[in-house]
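Proteins come first, then strands; the chains are lettered A, B, ... in the order of their sequence lines, and each starts at number 1.
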Amino acid sequence: MIKITFPDQKIREYPEGSTALEIAKSISEGLARNVISAKVNGEVWDATRPIKSDATLQLLTWDDKEAKSTMWHSSAHLMAEALEFFYPGIKFGIGPPVDNGFYYDVDLGGQSISSDDFKKIEDKMLELAKQGNKYVRTEVSKKEALDYFSKKGDEYKLDLINELEDGQITFYQQGNFTDLCKGPHIPDTSIIKAVKLTNIAGAYWRGDEKNKQLTRIYGITFPKKSQLDEYLVMIEEAKKRDHRKIGKEMEIFTFDDDVGPGLPLWLPNGAVLIEQLEKLAKRSEQNAGYMRVRTPHIAKESMYQTSGHLPYYEDSMYPPMVLEGEKYYLKAMNCPHHHKIFKELNPSYRDLPIRLAEYGTCYRYEQSGELFGLMRVRSLQMNDAHIYCTKEQFADEFRAVNEMYLNYFKIFNIEKYVMRFSTHEPKKLGVKYVNEPALWLETEDMVRKVLIDSKIPYVEVPDEGAFYGPKIDVQVWSAIGREFTLATNQVDFAVPARFGLEYRNSANQMETPICIHRAPLGTHERFIGFLIEHFAGNFPIWLAPKQVAILPISEKFNDYAKKVLQSLINSDIRGLVDLRDEKIGKKIRDAEIKKLPYMLIIGEKESNEGSVSVRKHGQGDVGSFSIAQFTQMIQDEINKQLNLN
RNA sequence: GCCGAUGUAGCUCAGUUGGCCAGAGCUACUGAUUUGUAAUCAGUGGGUCGGGGGUUCGAAUCCCUCCAUCGGCUCCA
């Protein structure tokens with residue numbers, strides 16, 4: 001007998017070699033039906049794998065994240081079986097679970113596949129699923145594994161096996177399909193009740209663009225048909241929040257073929273959003289002791305040689321303009337310009353820290369396939385600043401920057417984000433990173449310490465640093481689930497020295513400052529793209545391009561409506577009047593669709609009283625107020641949203 | 001940049017076994033109506049069918065090519 005410890009710390013005895021599934025059955029048949037996999041001693045296992053000694057056991061059902069992964073991993077195998085049925089000779093790369101489903105990379109040889117073929121593959125998968133074939137795990141020797149896939153002629157699997165150690169190789173087989181796989185898997189295919197292939201795309205073998213491009217087929221499965229329906233509804237809802245759709249509807253931005261790809265035009269409503277964001281940034285930066293600077297959009301090649309950017313990033317900068325024998329580049333970053341300003345200021349230690357801020361306009365020649373609405377563009381304006389400080393000041397400065405982030409997140413009600421702390425990879429010193437091993441370790445420790453001291457949750461990712469130092473990126477997700485870096489906070493211990501930046505210390509010696517690059521509001525482009533999706537276009541009133549729509553009931557009240565508008569403008573409130581010869585219901589409907597936060601309905605009663613009848617977007621009638629009362633109401637709401645009270 | 005898909009009026013879309021002057025709704029404009037909390041009625045205007053080339057008696061429709069967008073891959077100072 002073996003002792004099994006359950007999550008509630010209860011211990012029960014079972015025969016040696018019992019499986020999680022059998023144990024579940026001993027508790028209840030219903031539970032057993034829902035078991036997808038199991039966590040044995042903290043490791044996810046097949047629910048059908050015998051447990052041979054004392055262990056802790058957690059049964060995993062669909063509600064557990066790990067169970068979903070198991071399910072989708074098994075689904076990838078099921079799809080592979082269906083694909084092999086339709087496309088004999090097909091070769092398989094990797095087929096893992098992902099956040100929303102799974103994919104399998106395949107090499108179809110000369111055959112082709114398109115989304116038109118999805119239906120037949122889905123049907124085949126469901127047919128195979130109904131057979132309830134068991135996923136059978138076998139341990140094989142390296143030689144057996146190599147023999148099997150040599151016979152099959154699948155060079156991708158051979159490639160994978162060659163990297164594995166003998167004695168640790170397992171196969172899984174269900175129905176007519178056998179795959180190299182470390183598992184775990186669901187007990188049998190009958191758990192898969194709903195199947196949807198979602199997408200088809202190219203993907204390089206092992207993610208290397210020098211390798212052959214395989215066909216990647218994405219799909220998702222569920223244990224209940226209704227869950228698939230819910231998922232499809234969710235996808236539809238997400239599409240409605242897409243910033244490209246709302247940005248067009250609300251006339252925020254546009255792209256034009258003649259202007260060029262990735263070069264957005266900000267329409268008047270978008271320009272208001274930008275102005276409000278800049279107002280917020282300028283105020284918080286002023287309070288935090290920043291000084292504003294302004295720099296040109298281009299610079300000579302020599303500056304980017306000095307900064308060291310050229311060898312790393314020349315390919316993603318617009319090609320240079322040659323004037324009088326000199327090469328000029330459109331700037332892709334603001335730091336070198338700011339470094340030059342620091343040098344000109346010629347500070348002593350008493351002047352530090354020096355914080356230089358600019359909403360700098362940059363141009364980056366992003367690969368054409370990378371462009372994506374406002375989220376990835378070629379012209380961008382960054383909420384940039386560079387803080388020059390001593391080593392002793394670094395922790396306080398870095399902490400203050402993080403606090404500024406968190407304050408912004410409160411204002412924008414951003415709750416779902418991840419701080420990603422990127423460090424260097426020692427093997428790539430001198431290639432991807434400046435060759436200063438001691439400084440890397442020292443600054444990484446400083447950053448880590450600040451994060452821990454400030455109790456900011458973060459994940460550490462090796463080999464993702466900037467070439468000049470470690471950094472923190474703030475990751476957020478777009479409505480359609482794509483992950484983005486919204487903001488960034490970077491340490492630079494290398495470039496100031498390259499520019500010969502120095503300050504005089506208290507002992508009258510010259511020292512090089514540390515530089516912090518920070519952009520809490522990222523770029524206007526990405527930040528506004530994100531905000532559109534975050535708020536689904538229903539901006540908080542302080543940010544809304546138009547805050548109030550004035551809707552006269554008939555032409556007779558147009559003059560009073562114009563008077564109300566003027567009064568709002570005098571109080572710095574952004575409004576519009578709908579003077580069209582339409583019925584009030586139509587004007588309200590249009591204002592609601594345009595997501596205008598407030599509507600003022602104006603008729604005979606209001607014009608006689610000098611009042612306005614207030615309707616709130618998405619809520620309806622909220623009553624009658626004097627113009628002064630309404631103005632105060634709006635201003636109070638704005639102050640509250642910006643934490644200005 | 002690579003793989004795949006898509007591109008018809010300002011917007012959303014119909015029109016593909018190739019065949020009258022390419023359609024609808026919304027928007028815009030004009031007129032009637034003077035309206036009380038999510039669509040008043042009528043009329044008018046608007047399209048190089050993404051660009052270029054080809055096949056054909058005839059191309060939005062078939063072929064080639066370029067451009068742009070979308071989904072991924074790679075990249076991201």
Side-chain angles (χ1 to χ4, degrees), chain A residues 98 103 105 108 112-116 198-218 242 244-245 248-249 251 254-262 304 307-317 331-336 362 364-373 375-376 380 382 384 422 464-469 471 473 480 482 484-485 488 490 492 495 517 519 526 551-558 580-594 599-606 613-622:
Chain A
V98 288
Y103 66 79
D105 285 347
L108 290 153
S112 76
I113 188 169
S114 81
S115 49
D116 297 337
T198 49
N199 202 358
I200 189 162
Y204 300 106
W205 172 236
R206 290 181 175 273
D208 188 334
E209 62 183 329
K210 289 186 202 76
N211 288 339
K212 179 161 183 186
Q213 190 152 35
L214 307 178
T215 305
R216 177 169 295 180
I217 302 167
Y218 285 86
D242 192 316
R244 292 164 298 188
K245 183 175 153 62
K248 181 172 261 178
E249 286 165 358
E251 298 184 348
T254 190
F255 289 92
D256 184 280
D257 279 0
D258 280 336
V259 177
Y304 297 111
S307 72
H309 281 99
L310 223 40
Y312 293 97
Y313 300 112
E314 184 171 20
D315 285 348
S316 43
M317 291 172 80
K331 72 176 171 186
M333 70 298 289
N334 302 303
C335 15
C362 300
R364 295 179 179 182
Y365 188 70
E366 302 284 1
Q367 295 185 53
S368 57
E370 255 318 310
L371 301 174
F372 173 66
M375 301 297 204
R376 195 75 184 266
L380 44 113
M382 235 192 295
D384 213 355
S422 302
E464 293 278 322
F467 77 87
Y468 45 62
K471 63 175 182 176
D473 290 326
I480 51 174
R482 256 167 90 154
F484 286 93
T485 299
T488 177
Q490 312 181 344
D492 183 348
V495 183
H517 306 235
R526 187 172 291 182
L551 313 177
I553 285 186
S554 86
E555 201 183 340
K556 288 188 242 166
F557 314 110
N558 281 0
R580 291 176 307 167
D581 189 7
E582 291 289 351
K583 291 175 82 166
I584 191 67
K586 168 74 163 168
K587 292 184 183 181
I588 288 171
R589 180 183 153 79
D590 287 350
E592 289 280 359
I593 288 171
K594 284 187 190 154
M599 284 151 268
L600 301 182
I601 286 94
I602 277 169
E604 188 162 6
K605 178 171 163 279
E606 289 77 12
S613 180
V614 179
R615 183 191 162 100
K616 209 168 178 176
H617 170 57
Q619 287 180 29
D621 199 349
V622 294

Go through [options] for me and flag the one nearest to the [X] side chain.
X	options	answer
A:Y218	B:C70, B:G36, B:G72	B:G72
A:R580	B:A77, B:A28, B:G72	B:A28
A:R376	B:G1, B:C75, B:U37	B:C75
A:K556	B:U37, B:A77, B:U34	B:U34
A:S613	B:U37, B:U12, B:C73	B:U37
A:E606	B:G36, B:U35, B:C76	B:G36
A:Q367	B:A77, B:C75, B:A39	B:C75
A:P261	B:C3, B:U69, B:U37	B:U69
A:S554	B:A39, B:U34, B:C73	B:U34
A:A332	B:G36, B:C73, B:A77	B:A77

Q: Report the relative orientation of the aromatic rings in A:H517 and A:Y468; use parallel for angles under 30°, tilted for 30 to 60°, perpendicular for over 60°.
A: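 A:H517 and A:Y468: parallel rings.
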
(Q) Check the orientation of A:F467 and A:Y312. Use parallel for under 30°, tilted for 30 to 60°, and perpendicular for over 60°. (A)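 Ring orientation of A:F467 relative to A:Y312: parallel.
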
Distance in angstrom units between [X] [atom1] and [N] [atom2], rounded:
X	N	atom1	atom2	result
A:K583	B:C41	NZ	P	9 Å
A:Y204	B:C75	OH	C1'	10 Å
A:K605	B:G36	NZ	P	14 Å
A:E366	B:C76	CD	P	10 Å
A:E582	B:U35	CD	P	15 Å
A:Y365	B:C76	OH	P	17 Å
A:K586	B:A39	NZ	C1'	5 Å
A:D208	B:C3	CG	C1'	15 Å

Which is true for [X] with a 4.0 Å heavy-atom rule: it touches a base, it touches only sugar-phosphate, or it touches nothing?
X	result
A:Y103	nothing
A:R216	sugar-phosphate
A:G585	sugar-phosphate
A:A203	sugar-phosphate
A:Y312	nothing
A:G603	base
A:S316	base
A:L214	nothing
A:G373	sugar-phosphate
A:F255	nothing

Would you say that [X] contacts [Y] through its side chain, given a criterion of any heavy-atom pair below 4.5 Å between the two side chains?
X	Y	result
A:I588	A:I601	yes
A:K471	A:S422	yes
A:Y304	A:M333	yes
A:L380	A:R364	yes

Span that lies between the [atom1] atom of [M] and that of [N], in whole angstrom:
N	M	atom1	value
B:C67	B:G58	C1'	28 Å
B:U61	B:G15	P	15 Å
B:U65	B:U27	C1'	36 Å
B:U40	B:G36	P	12 Å
B:U17	B:C62	P	10 Å
B:C76	B:A60	C1'	40 Å
B:C13	B:C73	C1'	32 Å
B:U44	B:G1	C1'	49 Å

Q: Please state whether the base of B:A77 and the side chain of A:S307 form at least one donor-acceptor pair under 3.5 Å?
A: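 Not at all, since no donor on one side and acceptor on the other fall under 3.5 Å apart.
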
Q) For A:D590, which of A:E582, A:R580, A:M599 qualifies under side chain to side chain contact (heavy atoms under 4.5 Å, CB included)? A) A:R580

Q | Toward the 5' end of RNA chain B, by each residue's nearest nucleotide, A:I200 or A:T215 | A | A:T215

Q.
Assuming nearest nucleotide by heavy-atom distance, tell me which of A:S368 and A:I602 is located more 5' along RNA chain B.
A.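 Here A:S368 is the residue nearer the 5' end.
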
(Q) Counting only heavy atoms from other residues, nucleotides and ligands, does the tally under 6.0 Å from OH of A:Y365 exceed 12? (A)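 Atom OH in A:Y365 is not crowded, with 12 or fewer foreign heavy atoms closer than 6.0 Å.
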
Q) Taking everything shown except A:E251 itself, do over 12 heavy atoms lie less than 6.0 Å from its CD? A)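 No, the 6.0 Å shell around CD holds no more than 12 heavy atoms from other groups.
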
Q | Residues A:R244 and A:D242 bridged, charged N to O under 4.0 Å | A |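 Yes, this pair counts.
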
Q: Before accepting this row, confirm whether a basic side-chain N of the pair A:R615/A:E592 lies closer than 4.0 Å to the acidic partner's carboxylate O.
A: yes

Q) So what is the 5' to 3' dot-bracket string for RNA chain B, if pairs are Watson-Crick or G-U wobble with both distances under 3.5 Å, crossing pairs use [ ] and | means the partner sits on another strand? A) (((((((..((((.....[...)))).(((((.......))))).....(((((..]....))))))))))))....

Q.
If the cut-off is 4.0 Å, is A:K471 near the phosphate of B:A77, judged by side-chain N/O to OP1 or OP2?
A.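 For B:A77, OP1 or OP2 has a side-chain N or O of A:K471 closer than 4.0 Å.
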
